[in-house]
Amino acid sequence: MRFLSFAVLATFAMVSAQKVIPVQVGGNPGSPGGVTVFSPSQISANNNDIISFQFSGVPGNHSVTQSSFLNPCEPLDKGFDSGWVSVPQNLSSVPEWNVTITNDTAPIWFYCKQLLSKTDPVKPHCNLGMVGVINIEKGQKSFSDFLASASAAPTVGQAEGAFVGVGASATGAPSLPSGAAYFGGSAAAGDSGNGATPTSPGAPPASSTPAGSGFANKASSGVVLLATLFGIVVAM
Ligand SMILES: *[C@@H]1O[C@H](CO)[C@@H](O)[C@H](O)[C@H]1NC(C)=O
Ligand SMILES: *[C@@H]1O[C@H](CO)[C@@H](O)[C@H](O)[C@H]1NC(C)=O
Ligand SMILES: *[C@@H]1O[C@H](CO)[C@@H](O)[C@H](O)[C@H]1NC(C)=O
Ligand SMILES: *[C@@H]1O[C@H](CO)[C@@H](O)[C@H](O)[C@H]1NC(C)=O
Ligand SMILES: [Cu+2]
């Protein structure tokens, strides 16, 4: 009995340590920052935390694509990529893409790949400032420098990435309520998915295990093991 309570308590402690951090992808016309934003654009997260990207800017057609500080508007080699999610008005629920942090020791930069905009002249979203970063405090770079180099980027990379990225990974494509449309991304990429096999949302990554994920898994089993030992000692 006591053993059970300790195991259950420890499990709760473990689960509550995982944060779910919502980030809005795209603003609504007229909202502060306009349409071409991630909000918030700077996020702090620990291993195993979930960044829950909400494609709630309507109407919108955006992606969440990993890049780098040096090339803010180009896909990072082996980086994550949601694919484009097009969201009309009046959707019953919001498309959502969960990305789990697997390595929180370095900043994770990202942008939106969309080239189409309502600006005149038409400008890619990345040039309009649709960029973001996770754990910027783990590096020495400033967000304003990142933004400046994004707005000046001569090209905006369109290559398809995978759901598994560097330091953060999703297990599948964004959820798509009826009415939302999906363009590209790993699911449609075929040969360019960096070896990641798309799986349904919620399923564990199929083939490629993200580099950092072993840590979180080991840490979790460590807690359970400790709780088990502790429980046994108390039970005696
Ligand atoms: C969404 O963006 C993608 C990529 O630019 C494009 O192929 C697609 O036609 C767009 N969909 C809509 C509904 O605008
Ligand atoms: C959204 O719903 C409102 C009210 O039902 C309607 O007037 C409007 O035309 C709809 N917009 C779109 C884009 O379907
Ligand atoms: C994202 O993660 C949250 C928290 O675990 C969960 O409630 C939600 O259903 C997930 N969404 C998707 C699309 O998997
Ligand atoms: C995490 O990222 C850092 C910085 O990029 C890297 O040096 C380290 O090897 C990574 N750790 C794992 C477990 O992949
Ligand atoms: Cu965008």
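Start at 1 and go down the list; that is how both ligands and their atoms are numbered.
Numbered from 1 in the order shown, with element, the atoms of ligand 4 that lie under 4.0 Å from a heavy atom of Asn103 read 1 (C), 2 (O), 3 (C), 8 (C), 10 (C), 11 (N), 12 (C), 14 (O). In the vicinity of Ser86, heavy-atom distances shorter than 4.0 Å reach the ligand 1 atoms 12 (C), 13 (C). Taking every heavy atom of Thr105 and a limit of under 4.0 angstrom, the matching atoms of ligand 4 come to 1 (C), 2 (O), 3 (C), 4 (C).
Asp104 meets the salt bridge (charged side-chain N to carboxylate O under 4.0 Å, His left out) test with no other residue; sequence neighbours excluded.
In summary, no N, O or S atom of Cys126 is located under 2.8 Å from the Cu ion (ligand 5). Between the Cu ion (ligand 5) and Gln114 there is no N/O/S contact shorter than 2.8 Å.
By the 4.5 Å heavy-atom criterion applied to side chains, Leu147 and Val131 are counted as neighbours. With a 4.5 Å cut-off on side-chain heavy atoms, Asn98 and Ile51 do not count as touching.
Salt bridge Lys113/Glu160: present, at least one basic N to carboxylate O contact under 4.0 Å.
Judged by distance alone, with hydrogens and angles left aside, the side-chain atoms of Thr100 form no donor-acceptor pair with the main-chain N or O of Asn48 at under 3.5 Å.
Less than 6.0 angstrom separates the ring centroid of Phe110 from the ring centroid of Phe38. Ring centroids of Trp97 and Phe55 are separated by 6.0 Å or more, keeping the two rings apart. Taking the six-membered ring where the residue is Trp, the centroids of Phe143 and Phe69 are separated by 6.0 Å or more.
Between the ND1 atom of His62 and the SG atom of Cys112, the angle centred on the Cu ion (ligand 5) amounts to 130° when rounded to 10°.
Backbone and side-chain nitrogen or oxygen atoms of Asn61 are examined, and one is located within less than 3.5 angstrom of a nitrogen or oxygen of ligand 1.
Protein heavy atom at the shortest distance from atom 9 (O) of ligand 1 is Phe183 CE2, 3.9 Å.
Here Gln114 has side-chain heavy atoms under 4.0 Å from ligand 1, and that is the only part of it that gets that close.
Looking only at its N/O/S atoms, His125 has ND1 as the one nearest to the Cu ion (ligand 5).
Nearest residue to atom 5 (O) of ligand 4 from Gly167, Ala106, Gly139 is Ala106 (criterion: closest heavy atom).
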